[in-house]
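Only heavy atoms go into these numbers, but all of them, side chains included; no hydrogens, no water, no symmetry mates.
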Amino acid sequence: MPSAPDLSKGPEAAAGTDQSTGPVVSVTDVRHSYGRGADAVTALGPLSLEIPAGEFLVLVGPSGCGKSTLLRLIAGFEQATEGAVEVFGERPEPGDQAGIVFQQPRLFPWRTVGDNIGLALKYAGVPRAERPERIEGLLARVGLADTAGRRVWQISGGQQQRVAIARALAGGKRLLLLDEPFAALDALTRERLQEDLRTVSAETGATSVFVTHSVDEAVFLGTRAVVLTNRPGTVALDVPIGLPRTGTDPDELRGLPEYAALRAEIGTAVREAAS
């Protein structure tokens, strides 16, 4: 098995790992329903979108609009009822093309922080001798240097979620899928992790799809925001977010007129979608 690219060292370390010259994710005329016959409920669609390499796409919309359903389709956890989903030009399979971060960290509590990441490196084919350096690099990237030997229960919930992000990066996947990973955190921790994730995204160059209910989170994190309508979810708004990704203080970024304008546009679309 080939060794995974070292995303702990930035985008240049993973050059050439994209498996297609086309979009990383392609969703074409997708519908998805749960149940059968008269009991069937259409959760999503019809919906089409493409996600190019390096984009940080944020899916935002009211509860039940199909955001997490779309993420599961991209992850390969479910198959679309109609239409096609492709990742790097292929049908998605769980664990093959994407690193995934859930609402809860889902770490192994009996393992150390480093061992949780080391397990992902093992399955990615990284030789044992290279793992300690990779672990330290990944933990440093998410602001947790020198924590490899600590137990999961010895670190805070926010720190556990940072470990989950590091573990997702450890697999060397060029696509990250994040399903409301900060929803259960307090406001201050959530804001700090938003800043960390924004930095990590800019440094690694990984393509990301992030699900959230928060308009502010969508504007702060994304390079593009897609608002979904109420069920069944379709695209209500697809807007690029052209804010600077590096070199700008987060407070200054949030104070920009462009930031306020985007937040107002997306917020209006979300409210209309929920009605």
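In this pair, Phe108 and Trp110 present their aromatic rings tilted. The plane angle is within the 30 to 60° band. Relative ring orientation between Phe77 and Phe102 is described as parallel, the plane-to-plane angle staying below 30° on a 0-90° scale split at 30° and 60°.
Without hydrogens or angle criteria, Arg111 side chain to Arg151 main chain gives no donor-acceptor distance under 3.5 Å. Looking only at distances, no side-chain donor or acceptor of Thr234 sits under 3.5 Å from a matching main-chain atom of Gly45. Side-chain atoms of Gln160 come within 3.5 Å of backbone atoms of Val152 as a donor-acceptor pair (strictly under, hydrogens ignored). A side-chain donor-acceptor contact under 3.5 Å links Gln161 to the backbone of Gln103.
Here the closest non-hydrogen pair linking Leu44 and Gly66 is CD1-O, 3.7 Å. Of all heavy-atom pairs between Lys173 and Ala98, the closest is CG-C, 3.6 Å. Between Arg174 and Thr204, the shortest heavy-atom distance links the atoms NH1-O, 3.2 Å. Here the shortest heavy-atom pairing between Ala170 and Ala124 reads O-CB, 4.2 Å.
Among residues two or more places apart in sequence or in another chain, the side-chain hydrogen bond (donor to acceptor under 3.5 Å, both in side chains) test is passed with Gln79 by Arg91. With sequence neighbours excluded, the residues that form a salt bridge (Lys or Arg N to Asp or Glu O under 4.0 Å) with Glu195 are Arg254.
A donor and an acceptor atom, one from each side chain of Ser33 and Thr42, are located under 3.5 Å apart. In summary, the side chains of Arg198 and Ser201 do not present any donor paired with an acceptor at a separation below 3.5 Å, with no hydrogens or angles considered.
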Go through Glu82 and Asp29 one step at a time and tell me if the side chain to side chain contact (heavy atoms under 4.5 Å, CB included) criterion holds. CA-CA 7 Å; Glu82 298 178 19; Asp29 298 327; over 6 Å; no

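Heavy-atom contacts from other residues, nucleotides or ligands closer than 6.0 Å to CZ of Arg231 number 12 or fewer. The number of heavy-atom neighbours closer than 6.0 Å to CZ of Arg192, taken from other residues, nucleotides and ligands shown, is 12 or below. Under a cut-off of 6.0 angstrom, the local environment of CG in Asp146 is sparse, with at most 12 non-hydrogen atoms contributed by other residues, nucleotides or ligands.
The CD1 atom of Ile165 sits 6.5 Å away from atom CG of Leu178, with the distance rounded to the nearest 0.5 Å. Rounding to the nearest 0.5 Å places OH of Tyr34 at 8.5 Å from OG1 of Thr81. Note that CD of Glu136 is 10.5 Å distant from CG of Leu144, once rounded to the nearest 0.5 Å.
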